[in-house]
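First comes the structure, then the notes that go with it.
To find a chain, count down the sequence lines: A is the first, B the second, and so on, and within it residues start at 1. Keep in mind it's a predicted model, so treat the numbers as computed, not measured.
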Amino acid sequence: MSSNYKDTLCLPKTSFPMKANLRAKEPEMLEFWARINAYEAMVQASPADSRYVLHDGPPYANGHIHLGTALNKILKDIVVKSANMRGQRAEYVPGWDCHGLPIEHKVAQEIKKEKLDLNTLQIRQRCREYAETYLDIQREEFKRLGVFGVWDDPYMTMKPAYESATASELGEFMSTGSAYRGKKPVHWCCSCKTALAEAEVEYYDASSPSIFVRFPLPDEKFAKLLPPEAAEKAANAPAYAVIWTTTPWTIPDNMAVAAHPEFEYSIVLAGGGVYVVASQLLPTLVDRFHWADREVLAEVPGSALEGLEARHPFYDRPSPIVLADYVTLDAGTGLVHTAPGHGREDFETGVRCGLDIYSPMDDEGRFLPSVEHFAGMNVTEANPEVIKLLTEKGHLLAQEKISHSYPHCWRCKQPVIFRATTQWFISMETNGLRKRALDAINNEVRWIPSWGRERIHSMIENRPDWCISRQRNWGVPIIALICKDCDTAYHDGEWVKSVAARFKDHPLGCDAWFEADVKDIMPEGLVCPKCGGTNFVKEDDILDVWFDSGTSFSAVVEQRPECAFPADLYLEGSDQHRGWFHSSLLASIGTRGVPPYRAVLTHGYVVDGEGRKMSKSIGNVIAPQQIIDKHGAEILRLWVSAVNYQEDVRISDEILTRLVDAYRRIRNTARFLLGNLADFDPAADCVDFGEMNPIDRYYADLLLRRRETMVNAFSSFEFHKVHHTLHNLCVTDLSAFYLDIVKDRLYVEDRDGAPRRAAQTVLWIALQTMLEAMAPILSFTAEEIFQHLADPLRAAMAAADAATVFGVRPSLPAPFLEKAERDRFESILAVRAEANRAAEPVRKRGDVGKSLDCSLTIQAPEELLDALRMDGLDLEELFIVSKLELRGQDHKEALPNELVSDEIEGLRIGVAPAVGDKCERCWRIDEHVGKAGREGVCPRCAGVLERLPS
RNA sequence: GGGCCUAUAGCUCAGUUUCGGUUAGAGCGCACGCCUGAUAAGCGUGAGGUCGGUGGUUCAAGUCCACCUAGGCCCA
């Protein structure tokens with residue numbers, strides 16, 4: 001009986017399922033998008049004359065994607081999709097970084113396992129295949145995330161055209177004179193006869209000799225550091241600076257002694273000599289050197305020692321004292337033996353102080369014939385001989401053995417040495433590269449967040465010249481010819497570019513260089529400008545992979561029709577201030593004079609729920625695939641949108657569980673809107689704001705304001721603001737307020753009557769607002785909603801032929817309500833909140849159940865009563881009660897279950913069960929039920945039933 | 001060891017800039033109710049915070065300064 005009238009209601013109707021079943025649905029949606037080419041449809045729906053160029057930083061084609069790469073790609077996808085949704089054509093050309101050591105390593109391991117002996121071209125082919133394999137794997141993984149782009153035509157740094165562009169940019173640096181050949185110490189394996197990159201070096205403990213050596217210090221200026229009486233005592237004793245080293249074999253290549261400018265040094269009279277050592281280390285040294293009767297003559301800061309001329313302990317040459325702030329007091333003497341050809345810091349000191357970068361060794365680590373005492377000896381052989389010679393000269397103060405962490409070759413496990421080698425560099429100064437880059441950082445690029453500016457600025461400010469050469473196979477060759485007779489390099493820029501141009505037309509790109517005979521490459525009649533020789537060999541170094549990716553502006557942004565130089569945005573993790581942002585800036589400033597990007601956006605790292613980095617050893621690594629398998633890629637996308645990615649972002653089971661909850665809420669809200677819009681045709685049924693009641697007007701305006709907030713948040717890349725706004729919109733604005741309020745009207749009133757159509761008009765605005773905000777983030781769900789829209793709705797939202805939500809460009813009006821009207825309505829909502837509070841104890845007692853059971857009496861000051869008496873406002877509807885009465889302050893008797901408001905001065909609310917019978921159709925309680933000619937229903941419902949078509 | 005960054009309810013975020021100024025906010029989750037016409041839904045109420053720590057400036061500090069702790073990125 002009670003359900004007799006259910007069929008006469010307009011209840012929601014939709015085929016949109018409550019349960020998302022993302023794991024199963026997402027692959028279907030991806031297929032659908034591929035079939036209709038949704039990416040292309042999205043791009044084509046945006047005008048070509050308003051472009052937005054996000055240039056993809058290429059991930060390395062090795063291994064599976066991880067949460068960091070997923071975060072990065074999803075952020076890019078949100079940027080691209082939101083740009084299109086706002087009407088800017090943003091195309092996305094994904095790329096991969098293919099050359100370089102990690103791949104060459106893996107391939108080398110395979111080759112070793114298979115016991116093969118391959119030449120350069122064969123190795124390169126294996127590397128190429130390896131990169132392709134992982135590129136394909138990653139491409140599928142990225143697509144699975146719902147990321148849109150030209151996946152069937154990505155850029156790759158190993159494609160012939162790309163390699164040609166890279167080599168050509170090198171030619172440009174050669175032309176301007178910025179590129180040069182120079183010396184630099186690198187890790188060197190004497191048994192493999194090769195340079196090793198940092199990644200190829202393994203550290204483990206080894207035993208080394210540890211020796212303390214005195215360097216004669218016969219400098220007149222030294223005596224001036226002593227007070228007069230001390231100088232007298234020292235007058236007849238020879239002076240020495242004392243150093244410590246664990247690599248005796250580098251003593252022959254010593255060029256200086258380094259002191260820390262701020263440490264205090266003691267000048268000590270002991271054993272007939274005057275010694276300089278760091279004061280703090282003196283006690284340990286006294287024991288070690290058995291200085292029983294020592295006397296400290298003076299204490300001076302390291303800076304006072306600068307420029308004193310010590311002498312090499314066995315060669316007749318100076319070894320000046322220089323200053324360096326890497327000197328420590330952990331061990332040794334506080335004075336550091338400096339061999340610029342054999343250590344990284346030593347090298348930098350050498351460059352800074354104009355020392356010779358001296359490293360007279362061959363590829364096997366044997367001293368050259370020119371080296372007195374040690375010619376032909378390798379490191380192991382030279383160590384005892386150096387110690388022997390120092391002992392003979394009387395300069396060895398102590399000798400021990402020490403076990404410490406020492407670098408070894410990853411391949412042959414032998415200890416490695418530092419050796420100065422010939423490398424190629426791009427000068428930071430020659431053409432003012434450093435200064436121009438710093439200017440661009442300060443004036444021409446927007447850094448988001450703003451501290452990115454300072455970070456990259458200090459890196460560029462302090463970096464040494466860019467070493468662009470690697471002694472490897474898998475990369476773009478450094479195009480140059482080396483004179484066999486005098487080791488001079490020929491690298492004319494135009495010639496380099498002409499060789500680079502050939503790579504474009506070779507099926508394997510720069511393999512052209514490796515397979516070519518030098519005769520076919522060298523310019524006709526080339527003569528060495530230095531020695532007049534004509535015997536040249538090809539340079540066999542390759543380029544640093546950062547040079548490869550750093551020239552993507554040339555290979556991709558300038559060339560692809562989807563892009564335009566300079567790019568609007570580069571978007572990567574904050575590690576790329578040193579990496580890709582850095583190399584791209586130098587390459588572009590160096591060859592184009594302008595930065596390659598207008599803005600640079602960085603995101604943080606993905607860390608676990610406690611803020612710790614993910615690592616295999618801690619066992620806290622979460623793979624994207626795990627999350628996709630459990631929750632779906634959509635939840636991962638929602639996570640990206642929810643967190644503030646400018647800082648490190650946390651992920652954990654709890655965080656994901658919360659996001660699943662949020663997802664369900666958003667989905668259900670959309671479902672409710674769909675259900676209640678099933679019979680709505682915007683073209684025919686929309687009601688003007690001017691004809692709506694105050695509730696509809698307020699919420700229509702509120703939705704438009706929320707939309708404005710979200711559109712702005714997208715523009716400023718504050719996606720977490722979009723997320724919070726969208727979620728609050730669903731939870732509070734819609735579910736807890738508007739939807740709850742207008743359910744009555746939607747279900748009960750005349751299907752085609754103005755009151756119901758007005759509510760639907762607001763729902764229609766809500767749905768469009770949601771779809772617009774969801775599409776870039778919750779792409780799968782937005783599309784699913786779009787596909788469930790009834791035809792008239794879809795036609796109203798998109799061009800008639802739009803087959804995908806990404807073809808939609810909603811046109812909604814700006815917010816329209818005057819502030820005064822908003823404020824007035826909000827003061828009424830504040831009373832509503834108090835009414836809820838008042839009803840709670842009555843409900844707890846069981847006197848009333850749902851809100852509609854209640855009858856409210858509101859007593860308030862006249863001013864507030866005026867506000868409540870708003871034209872056209874049905875307070876019973878707004879408060880969702882069956883009866884509501886207002887009364888003035890002059891009433892003194894207490895109200896039933898009275899609540900005296902703490903929040904609003906003078907407000908009292910009484911709550912009682914409403915009087916009358918429950919209308920079987922609308923469930924309101926009314927005194928006139930059954931009295932309007934229909935059994936069990938109120939007069940309002942009787943009227944509606946009367947008008948129903950039979 | 002150096003440069004840059006981060007720290008506000010169990011979780012995700014507001015509030016800090018240009019102006020330091022009532023009782024530090026939201027949503028989720030949680031607890032307790034209600035509803036059964038959004039139903040593996042929906043509504044209501046409530047309890048949760050020494051604003052990482054210490055010290056300083058000030059009439060007044062989540063907000064400004066110094067130091068410390070924990071964590072992250074990049075270097076050494």
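- Using a 5.5 Å limit on the distance between ring centres and a 30° limit on the angle between planes, the aromatic ring of A/Tyr605 does not count as stacked on the six-membered base ring of B/rG72.
- With rounding to whole Å, A/Arg832 atom CZ is found 11 Å from B/rC43 atom P.
- Not a single side chain to side chain contact (heavy atoms under 4.5 Å, CB included) links A/Ala833 to another residue, sequence neighbours left out.
- Checking B/rC73, B/rC13, B/rA38 against every side-chain atom of A/Val643, the shortest atom distance belongs to B/rC13.
- Ion pair A/Glu840/A/Arg837 not flagged as a salt bridge, since none of the NZ, NE, NH1 or NH2 atoms sits closer than 4.0 Å to an Asp/Glu carboxylate oxygen.
- Partners of A/Arg832 according to the salt bridge (Lys or Arg N to Asp or Glu O under 4.0 Å) rule, which considers only residues two or more places apart in sequence or in another chain, do not exist here.
- Ring-plane geometry between A/Phe581 and A/Tyr570 is classed as tilted, the angle between the planes lying from 30 to 60 degrees on a 0 to 90 degree scale.
- For A/Glu610 and B/rG52, the CD to P distance is 18 Å, given to the nearest whole Å.
- Rounded to an integer number of Å, the gap from CG of A/Leu899 to C1' of B/rG44 is 14 Å.
- Comparing B/rU36, B/rA40, B/rC13 against the side chain of A/Asn644 picks out B/rC13 as the nearest.
- Following rounding to the nearest Å, A/His582 (NE2) and B/rC73 (P) show an atom-to-atom distance of 19 Å.
- Looking at A/Lys743, its side chain comes within 3.5 Å of the base of B/rA38 through a donor and an acceptor atom.
- For the salt bridge (Lys or Arg N to Asp or Glu O under 4.0 Å) test, residues two or more places apart in sequence or in another chain that qualify with A/Asp740 are A/Lys743.
- Under the rule for a ring-ring contact (aromatic ring centres under 6.0 Å, His included), the partners of A/His788 that lie at least two apart in sequence or sit in another chain are A/Phe16.
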Checklist outcome for this item: Reading nucleotides 26-33 of chain B from 5' to 3' and marking B where a protein heavy atom lies under 4.0 Å of the base, S where only the sugar-phosphate is that close, and - otherwise, the string is SSBS--BS
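- If you take atom P in B/rG15 and the same atom in B/rU6, they sit 13 Å apart, rounded to whole Å.
- A distance of about 23 Å separates the P atoms of B/rC13 and B/rA24, rounded to the whole Å.
- In this view, A/Glu749 and A/Arg940 satisfy the salt bridge (Lys or Arg N to Asp or Glu O under 4.0 Å) rule, not counting sequence neighbours.
- Straight-line distance from the CG atom of A/Leu638 to the P atom of B/rC11: 18 Å, rounded to whole Å.
- Among residues two or more places apart in sequence or in another chain, the ring-ring contact (aromatic ring centres under 6.0 Å, His included) test is passed with A/Phe737 by none.
- Taking the syn range as angles within 90° of 0, the glycosidic angle of B/rG72 is outside it, so the base is anti.
- Among residues two or more places apart in sequence or in another chain, the side chain to side chain contact (heavy atoms under 4.5 Å, CB included) test is passed with A/Val762 by A/Met692, A/Asp696, A/Tyr699, A/Ala700, A/Leu703, A/Tyr738.
- If you check distances only, the side chain of A/Thr14 never reaches the base of B/rA38 with a donor-acceptor pair under 3.5 Å.
- Within the 4.0 Å cut-off from OP1 or OP2 of B/rC73, at least one side-chain nitrogen or oxygen of A/Lys613 is found.
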Checklist entry - Just by protein heavy atoms under 4.0 Å, how would nucleotides 2-7 of chain B read 5' to 3' in B, S and -? => result -BBSS-
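- The side chain of A/Ala736 approaches B/rC43 more closely than any other nucleotide in the set B/rC43, B/rC74, B/rU12.
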